[in-house]
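Each residue takes its place number in the sequence, starting with 1. Every number for a ligand or one of its atoms is a count from 1 in the order of the listing.
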Amino acid sequence: MNPIQVSRATFDEVMVPLFAPSPMIPAKALGSHIWDTNGKQYIDLSGGIAVTALGHSHPELLKVFHAQGDAIWHVSNGFTNEPALRLATKLVDATFADKVFFANSGAEANEAALKLARRVAFDRAGKDKDEIISCLQSFHGRTLFTVSVGGQPKYAEGFGPLPGGISHIPYNDIDAARAAISDRTCAVIVEPIQGEGGVIPARREYLQVLRELCDQHGALLIFDEVQTGVGRSGSLYAYMEYGVTPDILTTAKALGNGFPVGAMLTTAEIAKHFSVGTHGTTYGGNPLAAAIAEKVIDIVSDPVVLAGVRQKHDRFVAGLKRINDKYGVFKDIRGVGLLLGAEVSDAFKGKAKEFTTLGIKHGVLTLIAGPSVVRFAPSLLIPDADIDEGLARFEKAVAEMVATVAATA
Ligand SMILES: *Cc1c(COP(=O)(O)O)cnc(C)c1O
């Protein structure tokens with residue numbers, strides 16, 4: 001049977017119009033290279049959205065994918081399976097956590113974390129200790145609960161009534177945290193580095209104070225490491241980089257390197273507030289996802305890989321600074337490990353998306369983080385030559401952007 005003919009126009013005909021994908025359709029990928037349906041090659045400095053941390057088609061992941069696919073790729077949670085048990089053991093051994101719950105996405109991992117926090121507070125203090133505190137500009141997913149907890153009201157607009165008992169405070173503002181957290185607080189949820197909100201790292205002192213306040217008031221501290229986890233910060237999880245340990249941690253995105261999987265990690269003391277049937281999932285912890293994630297954790301945990309993230313960070317930032325010395329398009333270049341943000345200067349305010357669009361034209365994939373930040377989240381294994389070539393192509397996009405703005409000024 002011949003495959004039916006499809007093109008970018010098909011998207012507008014048959015897809016719910018929630019996305020506005022690029023005219024370019026990726027068809028093949030290897031390492032940090034992607035080819036579109038016309039055979040044009042791109043350097044991938046986006047990693048999906050901080051997902052393909054080991055690059056595309058990593059040979060060891062492919063091997064596991066095929067082997068586990070041949071063996072068994074689904075069992076219900078009426079059974080356990082060896083890949084899930086091995087992955088959970090490795091996550092427990094590598095982190096503060098004693099217990100793991102598997103899900104299929106970041107939003108689902110956060111949903112489980114938030115439900116668990118509510119349940120813990122309910123069991124310990126009754127129904128009035130229900131307040132969840134989150135940060136403005138934060139992003140925690142798109143389910144109704146996680147989108148309500150997220151700090152970008154436009155994503156929750158028109159979906160009410162929303163879950164209650166949620167309030168938002170400015171990120172990195174210690175005084176605001178002191179004023180907001182009380183004995184009614186059930187949990188504080190925070191990204192150690194705000195990803196979608198503009199690649200904004202937390203100050204160490206801020207996370208330390210959140211930890212102290214949560215302890216004082218019997219609240220749980222949840223770190224959403226869906227974007228910062230699995231080596232992206234240069235440590236396996238960013239909390240290790242900061243030296244501040246949460247009660248619950250969520251991880252997804254890079255965990256499966258593109259195969260959908262998420263996880264919630266916590267202590268035994270907290271986990272015991274969930275019992276058989278109080279929460280659940282059909283696919284979470286399925287053997288195929290777990291086998292792939294196990295291999296991802298093995299590779300990312302290698303100290304050589306993590307040290308490489310720090311070296312590549314320096315090379316990347318130096319390259320961006322060189323571009324900026326020439327064109328003056330950025331007012332800030334920031335980030336941790338290989339989660340980097342370049343905030344555009346005022347002349348380009350709100351135009352981050354145009355940089356990424358021009359990047360595609362010049363053969364490089366980048367991301368935005370809000371309207372005025374260009375974000376980079378490449379493979380943690382990206383060869384130096386691909387960083388250099390990717391940035392050289394990005395420089396062409398910058399040059400074109402500068403010329404266009406100059407021409408219309
Ligand atoms: C991407 C992201 C999520 C949502 O993950 P999904 O897999 O899209 O549900 C949640 N939190 C953070 C910090 C993220 O970056």
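More than 12 heavy-atom neighbours from other residues, nucleotides or ligands sit within 6.0 angstrom of CZ on F96.
Ring centroids of F19 and F11 are separated by 6.0 Å or more, keeping the two rings apart. Between H33 and Y42, the distance separating the two ring centers is not shorter than 6.0 angstrom.
The contact set between ligand 1 and E191, taken as ligand atoms under 4.0 Å from a residue heavy atom, comprises 13 (C). Of all atoms in ligand 1, numbered sequentially from 1 with element shown, those under 4.0 Å from a heavy atom of A107 are 4 (C), 5 (O), 6 (P), 9 (O). Listed by number with element, the atoms of ligand 1 under 4.0 Å from a non-hydrogen atom of K253 are 1 (C), 2 (C), 3 (C), 14 (C), 15 (O). Of all the atoms in ligand 1, the ones that sit under 4.0 Å from a non-hydrogen atom of D224 are 10 (C), 11 (N), 12 (C), 13 (C). Atoms of ligand 1 found under 4.0 Å from any heavy atom of Q227, numbered from 1 in the order shown, are 15 (O).
Counting protein heavy atoms only, atom 5 (O) of ligand 1 is closest to G106 CA, 3.3 Å.
Taking the centre and axis of the six-membered ring of Y155, the NZ or CZ atom of R142 falls inside the cone set by 45° and 6.0 Å.
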| message | For a side-chain hydrogen bond (donor to acceptor under 3.5 Å, both in side chains) check, start with the C-alpha distance between R211 and Q216, then their side-chain angles and the critical distance, and finish with the verdict. | response | CA-CA 9 Å; R211 178 69 275 174; Q216 261 168 40; over 6 Å; no

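Closer than 4.0 Å to atom 7 (O) of ligand 1 lies at least one heavy atom of the protein.
Heavy atoms of R142 found under 4.0 angstrom from ligand 1: none, in either backbone or side chain. Only the backbone of H140 comes within contact range of ligand 1, with a heavy atom under 4.0 Å; no side-chain atom does. Heavy atoms of N110 found under 4.0 angstrom from ligand 1 belong exclusively to the side chain. The proximity of S105 to ligand 1, defined as any non-hydrogen pair under 4.0 Å, involves the side chain as well as the backbone.
The existence of a salt bridge linking D36 and K28 is excluded, since no basic side-chain nitrogen approaches an acidic carboxylate oxygen closer than 4.0 Å.
Of the inter-residue distances, the one linking L306 atom CG with S301 atom OG reads 7.0 Å to the nearest 0.5 angstrom.
Below 30°, between 30° and 60°, or above 60°: for F394 and F355 the angle between ring planes is between 30° and 60°, a tilted geometry.
Considering backbone and side-chain N/O of F139, one or more are found under 3.5 Å from N/O of ligand 1.
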